[in-house]
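Input: a single structure, listed below in structure tokens.
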Amino acid sequence: MIIRQFPVEITPGYPLEHKFNTDKIVFFDIETTGFTAQTTYLYLIGCIYKDSSDLHMIQWFAEDIREEVQIIKNFFEFIKGYDILVNYNGSGFDIPYLIKKCELLKLNYSFNNIRNLDLYKMITPIKQIFNLKNFKQKSIETFLNVRRQDTLSGGELIEVYQSYLGKKRIENLRKSRNVQDNGDNTSLETEELLHLIMQHNEDDLKGLVKICPILYYNDLFDGAFHIVRAGVDSGQLIVRLEYNFYLPSRISFGNDCLYVNACNNTADVYIKTYEGELKYFYDNYKDYYYLPAEDRAVHKSLAIFVDKEYRKKATPSNCYTKKQGVFVPQYHPVLSPAFKNSYDDKISFVEVHNDFLLNEDNLARYIYHILNHLIE
């Protein structure tokens, strides 16, 4: 088994310690010869961890498939001192693979005492805002302008490891028989293959640390913003939000009615307005009468002054009063009064007037609801 341990000059770029109230955080990634634990081998586990105020890397590499058990033991013993295990899609592959390996090899280890922070799982609810072709770690790295030295895919790395094992066997066989390599440079090739393998895992781990700022995009939707300004222009309600963090890359997302453009520490939210007449429906329709000639409902305390032939008992669908104005949609009952086109409409509207624009608490509630509607 080969163990590499060395400092790395990188930082997460996201306040994980503050967010999760612990500095006992370890990043990890594994390399295997396939996806199924029953029929493949685990040959490399790497971690980045904090030592004092600096980050360090440790890698356990199996020079032979018979060392698989030992690197698993080393890994689990190492993470016992940590609270959070950071990974990318570890919930989908790395962790289930290791759990199955422990079961097959009869090793009494688990992840029960450490919290799993899967960055892929964290951004899954907001995937649509990124407009990426796929959500592999390398795609997130590209989005965040993270560069790596390694150019191999996971599949190519398996072939490199298999070549390494073959070269290593020849090298060991020659050593056992005191045979020179006769100029075929087997030892040099073995070292080059080993370097490729370790570099891939090293870059995966460094990339994992460097993409932590992707979590800032989750923070766009948690309501911790300050409204800088709000107003109606060209048929849109435009609200500028300010955050206490900076996004590493610009993001734009939305649809024909709702759109967000976020950059640095601000986000502009564009909401298409409706200008015209809408209806406010009263809940207690049994206390109202409908006046067909006026197309509105009035409370029964007033309806007694209207001739019976000009009034009828209201129903849920005609128990309304009408209002002209400028409105914006709400997709859940957040603010009132809420207006609709018809009683059965799922979408309601709130009127945009000075009180609405100047009441920061209500406006913030409304914008929070709009932002989260976009990722539902």
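The analysis underlying the following values was restricted to heavy atoms, covering all of them including side chains, and did not include hydrogens, waters or symmetry mates. The structure displayed is predicted, hence computed values, not measured ones.
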When rounded to the nearest 0.5 angstrom, what is the spacing between [atom1] in [X] and [atom2] in [Y]?
{"X": "Met198", "Y": "Asp150", "atom1": "CE", "atom2": "CG", "result": "13.0 Å"}
{"X": "Tyr216", "Y": "Ile251", "atom1": "OH", "atom2": "CD1", "result": "16.0 Å"}
{"X": "Glu191", "Y": "Leu196", "atom1": "CD", "atom2": "CG", "result": "11.5 Å"}
{"X": "Lys279", "Y": "Cys319", "atom1": "NZ", "atom2": "SG", "result": "12.0 Å"}
{"X": "Gln199", "Y": "Glu192", "atom1": "CD", "atom2": "CD", "result": "13.5 Å"}
{"X": "Leu241", "Y": "Arg229", "atom1": "CG", "atom2": "CZ", "result": "10.5 Å"}

Check ion pair [X]-[Y] (N to O, under 4.0 angstrom):
{"X": "Asp204", "Y": "Lys138", "answer": "no"}
{"X": "Arg115", "Y": "Asp83", "answer": "no"}
{"X": "Lys210", "Y": "Glu141", "answer": "no"}
{"X": "Glu68", "Y": "Lys101", "answer": "yes"}
{"X": "Lys206", "Y": "Glu202", "answer": "yes"}

So for atom [atom1], which belongs to [X], do other residues, nucleotides or ligands contribute more than 12 heavy atoms lying within a distance under 6.0 Å?
{"X": "Tyr41", "atom1": "OH", "answer": "no"}
{"X": "Lys313", "atom1": "NZ", "answer": "no"}
{"X": "Lys272", "atom1": "NZ", "answer": "no"}
{"X": "Lys121", "atom1": "NZ", "answer": "no"}

[X] and [Y]: same hydrophobic cluster, using ILVMFWY side-chain contacts below 4.5 Å?
{"X": "Tyr120", "Y": "Phe20", "result": "yes"}
{"X": "Phe61", "Y": "Leu193", "result": "yes"}
{"X": "Val260", "Y": "Val228", "result": "no"}
{"X": "Leu335", "Y": "Ile271", "result": "yes"}
{"X": "Phe327", "Y": "Tyr343", "result": "no"}

Distance-only, no hydrogens or angles: does the [X] side chain make a donor-acceptor pair with backbone N or O of [Y] under 3.5 Å?
{"X": "Arg296", "Y": "Tyr320", "value": "no"}
{"X": "Asp118", "Y": "Gly90", "value": "yes"}
{"X": "Asn74", "Y": "Trp60", "value": "no"}
{"X": "Asn87", "Y": "Phe28", "value": "no"}
{"X": "Asn284", "Y": "Asp287", "value": "no"}
{"X": "Thr36", "Y": "Thr39", "value": "no"}
{"X": "Ser348", "Y": "Lys340", "value": "no"}
{"X": "Asn318", "Y": "Thr315", "value": "yes"}
{"X": "Asp64", "Y": "Arg66", "value": "yes"}
{"X": "His353", "Y": "Phe356", "value": "yes"}

Go through the steps to decide whether Asp219 and Tyr14 satisfy the test side chain to side chain donor-acceptor pair (under 3.5 Å), and finish with yes or no. CA-CA 11 Å; Asp219 295 342; Tyr14 184 85; 2.8 Å; yes
Could you label the plane-to-plane angle of the [X] and [Y] rings as parallel, tilted or perpendicular, counting under 30° as parallel and over 60° as perpendicular?
{"X": "Phe253", "Y": "Phe221", "result": "tilted"}
{"X": "Tyr282", "Y": "Tyr288", "result": "parallel"}
{"X": "Tyr161", "Y": "Tyr164", "result": "parallel"}

Side chains of [X] and [Y] in contact at under 4.5 Å (non-hydrogen atoms):
{"X": "Cys47", "Y": "Met57", "value": "no"}
{"X": "Pro7", "Y": "Leu55", "value": "no"}
{"X": "Val239", "Y": "Leu357", "value": "no"}
{"X": "Gln137", "Y": "Ile211", "value": "yes"}
{"X": "Leu16", "Y": "Leu215", "value": "yes"}

Taken in chain and number order and not counting sequence neighbours, the residues that satisfy side-chain hydrogen bond (donor to acceptor under 3.5 Å, both in side chains) with Asn264 are none
Check the pair Tyr43 / Thr33 against side chain to side chain contact (heavy atoms under 4.5 Å, CB included), numbers first and verdict last. CA-CA 8 Å; Tyr43 62 87; Thr33 60; 3.9 Å; yes
Run the numbers on Asp23 and Ile25 for side chain to side chain contact (heavy atoms under 4.5 Å, CB included), then give the verdict. CA-CA 6 Å; Asp23 63 351; Ile25 300 171; 6.0 Å; no
Transitive ILVMFWY cluster of Tyr270 at side-chain heavy atoms under 4.5 Å: who else is in it? Ile238, Tyr259
Going through the checks in order, is the side chain to side chain contact (heavy atoms under 4.5 Å, CB included) test met by Phe6 and Ile58? CA-CA 7 Å; Phe6 52 93; Ile58 185 168; over 6 Å; no
Might you point out which heavy atoms bring [X] and [Y] nearest each other, and give the distance in Å?
{"X": "Tyr88", "Y": "Phe135", "answer": "OH-O, 2.6 Å"}
{"X": "Asp222", "Y": "Tyr368", "answer": "C-CE1, 3.7 Å"}
{"X": "Asn134", "Y": "Lys136", "answer": "OD1-N, 3.2 Å"}

Applying side chain to side chain contact (heavy atoms under 4.5 Å, CB included) to Glu242 and Asn265, what does each step give before you reach the verdict? CA-CA 6 Å; Glu242 188 174 84; Asn265 69 328; 3.7 Å; yes
Validation row, ring centre [X] to ring centre [Y] under 6.0 Å:
{"X": "Tyr82", "Y": "Phe78", "answer": "yes"}
{"X": "Phe143", "Y": "Tyr217", "answer": "yes"}
{"X": "Phe75", "Y": "Tyr109", "answer": "no"}

Just by distance, with hydrogens left out, do Ser342 and Asp344 show a side-chain donor and acceptor under 3.5 Å apart? no
Testing Glu376, His373, His369 for side-chain hydrogen bond (donor to acceptor under 3.5 Å, both in side chains) with His332, which one passes? Glu376
Start with the C-alpha distance between Phe27 and Tyr49, add both sets of side-chain angles, then the distance that settles ring-ring contact (aromatic ring centres under 6.0 Å, His included), and finish with yes or no. CA-CA 6 Å; Phe27 301 79; Tyr49 62 97; over 10 Å; no
